[in-house]
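Before any comments, here is the structure.
Because the structure is predicted, anything quoted here is derived from the model rather than measured. Proteins come first, then strands; the chains are lettered A, B, ... in the order of their sequence lines, and each starts at number 1.
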Protein chains: 2
Amino acid sequence: MRGDTGIPHPCGACAFYPDSVWQPVENGSISMLARAFSRKELANGQTLFDQGSENRGVFCVSRGLIALRTHHEGGTSTLLRLAYPGEVIGFRSFLEDRLHLTEARALLPSRVCTVARRDARRLVQANPTVLARLASRCISEIDRSHERIIAAATASNKQRLAALLFDLLEAHGEREGNHLRMHLPLSRKDLADLIGVPPETLSRLVGRLGKEGFAIDGRNVAIPARTAAKAGTEPPLTKTCPAAS
Amino acid sequence: MRGDTGIPHPCGACAFYPDSVWQPVENGSISMLARAFSRKELANGQTLFDQGSENRGVFCVSRGLIALRTHHEGGTSTLLRLAYPGEVIGFRSFLEDRLHLTEARALLPSRVCTVARRDARRLVQANPTVLARLASRCISEIDRSHERIIAAATASNKQRLAALLFDLLEAHGEREGNHLRMHLPLSRKDLADLIGVPPETLSRLVGRLGKEGFAIDGRNVAIPARTAAKAGTEPPLTKTCPAAS
DNA sequence: CGCTGCGTTGAGCGCAGTCAACGAGCGTGG
DNA sequence: CCACGCTCGTTGACTGCGCTCAACGCAGCG
């Protein structure tokens, strides 16, 4: 983590250093990386960049949670991605040298590390391994998107909400007795935007999941530990069991 | 298109040469590229690679139309992408060195150019510009996927089908008088998989679009030219115009 | 001739979108 | 302190869309 020049790698102390896209930056270029590097603390709800704004560099989430959202005409919006610590955001507008198509906003108090655009570009050109790592992050985003397209085409709204809550429980939940419990980092509208339904429908879905093992009260969510990977996935049973679903 | 060694660039005669991911390959490496390069003719319905198979290289569509589809347990499938001439496919499994997550099948008689994996990897390592172009193709795929996620969340099935038919008309249609006409390269099931509905629902959607300016008979589709970018996008009007929608 | 794949049509019904109203929580300002 | 406005979330009523199962027509083919 410390090159021949004695300058430490800016990401060297980070828990995600081994997988950092900047990890391959070599001794001679570390000073440039250090110069272009900056940390930023984001309060809850603060934006890192706005939709339509110019790219300022490559961003890496260090702490907290960032929502990537696109706003459409008509006031609606879609939450395209949740970015957790270790994940890189803003790489599309960086690599293609174009405006941001999404807005990045902190859902929790967060810290984001930035490598400023001009030097980031030089570093990428000087070190193809960095580009390879960025490409790998692109592919992860393709995989995520494909999974979501498939889920939208094959799963019901209730199933998708249940799956989303499981994912969130995995990331934010804590074991408590034989329950998994968490404080939701998302508003109802954010949840609705994530599964692609209006807030009223989401509210009803939450109500229905409440009868299927989920305990949802405001932003507090809990499930019996063994329910994991089961609830919300049952077939409709419309004719054999009128009380179900 | 002809290097100092006298070996012509394998893509040199291709209409998409300027945008080819291999265009940046330099003189010294062109012989390797030529060695790894092969063309393949695909009959209608023939597969280029199967879901779960090993990657054999980087594929570029030269002629025809390729469908990228994933099959799920239960016999259903989702058509994730249509790849037109000039587009690159199979790059995820190539770059990440993993199995194909999708199946590639020709929807029309097609020609596909392949650069075999081992040499393709060497070429990418030797020439970062090639990697940059591959990354650009990744980003295009991210953009396409995001648009589709947004469409699934904001547009009705009918709107999405209308938009899909417009896109297909743009790619395959011919002006005929003041109509746009085409022969659909997709079966009903493929259309259904593309917009994420069962075939029965697609059939009904087709029926409804038939009352809104589309003339759809089997695989023959036509619209009045001025209908473009209009039909299927009207608001429901459920209360003011009972005959609509 | 029967088989199979493809596409359509019908019946039934739950789910979801829309409009609307309401209540809780909260910060502001008089 | 209360009134007010605001956001957020929920609930109700209504309508129609879309999923499911089922049957049928049809073409190609052995």
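- Distance CD1 (A/Ile195) to P (C/dC15): 14 Å, rounded to an integer number of Å.
- Closest approach of B/Arg148 to B/Leu194, counting heavy atoms only: NH2-O, 3.1 Å.
- Applying side-chain hydrogen bond (donor to acceptor under 3.5 Å, both in side chains) to A/Thr78 and the options A/Arg69, A/His72, A/His71 leaves one that passes, A/His72.
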Polar atoms only, N or O, under 3.5 Å: list the protein pairs with nucleotides 8-13 of chain D and their distances.
unit_1: D/dG9; atom_1: OP1; unit_2: A/Arg188; atom_2: N; d: 3.2
unit_1: D/dG9; atom_1: OP2; unit_2: A/Arg188; atom_2: N; d: 3.4
unit_1: D/dT10; atom_1: OP1; unit_2: A/Arg188; atom_2: NE; d: 3.3
unit_1: D/dT10; atom_1: OP1; unit_2: A/Arg188; atom_2: NH2; d: 3.2
unit_1: D/dT10; atom_1: OP2; unit_2: A/Arg188; atom_2: NE; d: 3.3
unit_1: D/dT10; atom_1: OP2; unit_2: A/Ser203; atom_2: OG; d: 3.2
unit_1: D/dT10; atom_1: O5'; unit_2: A/Ser203; atom_2: OG; d: 3.2
unit_1: D/dG12; atom_1: N7; unit_2: A/Arg204; atom_2: NH1; d: 3.3
unit_1: D/dG12; atom_1: O6; unit_2: A/Arg204; atom_2: NH2; d: 2.9
unit_1: D/dA13; atom_1: N6; unit_2: A/Arg204; atom_2: NH2; d: 3.2

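- With rounding to whole Å, B/Arg208 atom CZ is found 12 Å from D/dG16 atom P.
- Distance CG (B/Leu184) to P (C/dG7): 10 Å, rounded to an integer number of Å.
- For A/Ser77, the side-chain hydrogen bond (donor to acceptor under 3.5 Å, both in side chains) partners at least two apart in sequence or on another chain are A/Lys189, A/Asp193.
- Between the CD atom of B/Gln159 and the C1' atom of D/dG18 there is a distance of 15 Å, rounded to whole Å.
- Ion pairing between a basic and an acidic side chain is recognised when a charged N comes within 4.0 Å of a carboxylate O; B/Arg98 and A/Asp143 show such pairing.
- A salt bridge links A/Arg144 and A/Glu87; the closest N-O separation between the charged side-chain nitrogens and carboxylate oxygens is under 4.0 Å.
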(Q) What does the B/S/- profile of nucleotides 23-30 of chain D look like, 5' to 3', with a 4.0 Å heavy-atom cutoff to protein? (A) --------
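- Between the side chains of B/Thr70 and B/Gln51, no donor N or O sits under 3.5 Å from an acceptor N or O.
- In terms of heavy atoms, B/Phe59 sits closest to B/Gly90 at CD1-CA, 4.3 Å.
- At a cut-off of 3.5 Å, with distance as the only test, no side-chain donor of A/Glu54 or A/His100 sits close to an acceptor on the other residue.
- A sub-4.0 Å separation between OP1 or OP2 of D/dC17 and a side-chain N or O of B/Asn157 is absent.
- Atom NZ of B/Lys158 is separated from atom P of D/dC19 by 15 Å (rounded to the nearest Å).
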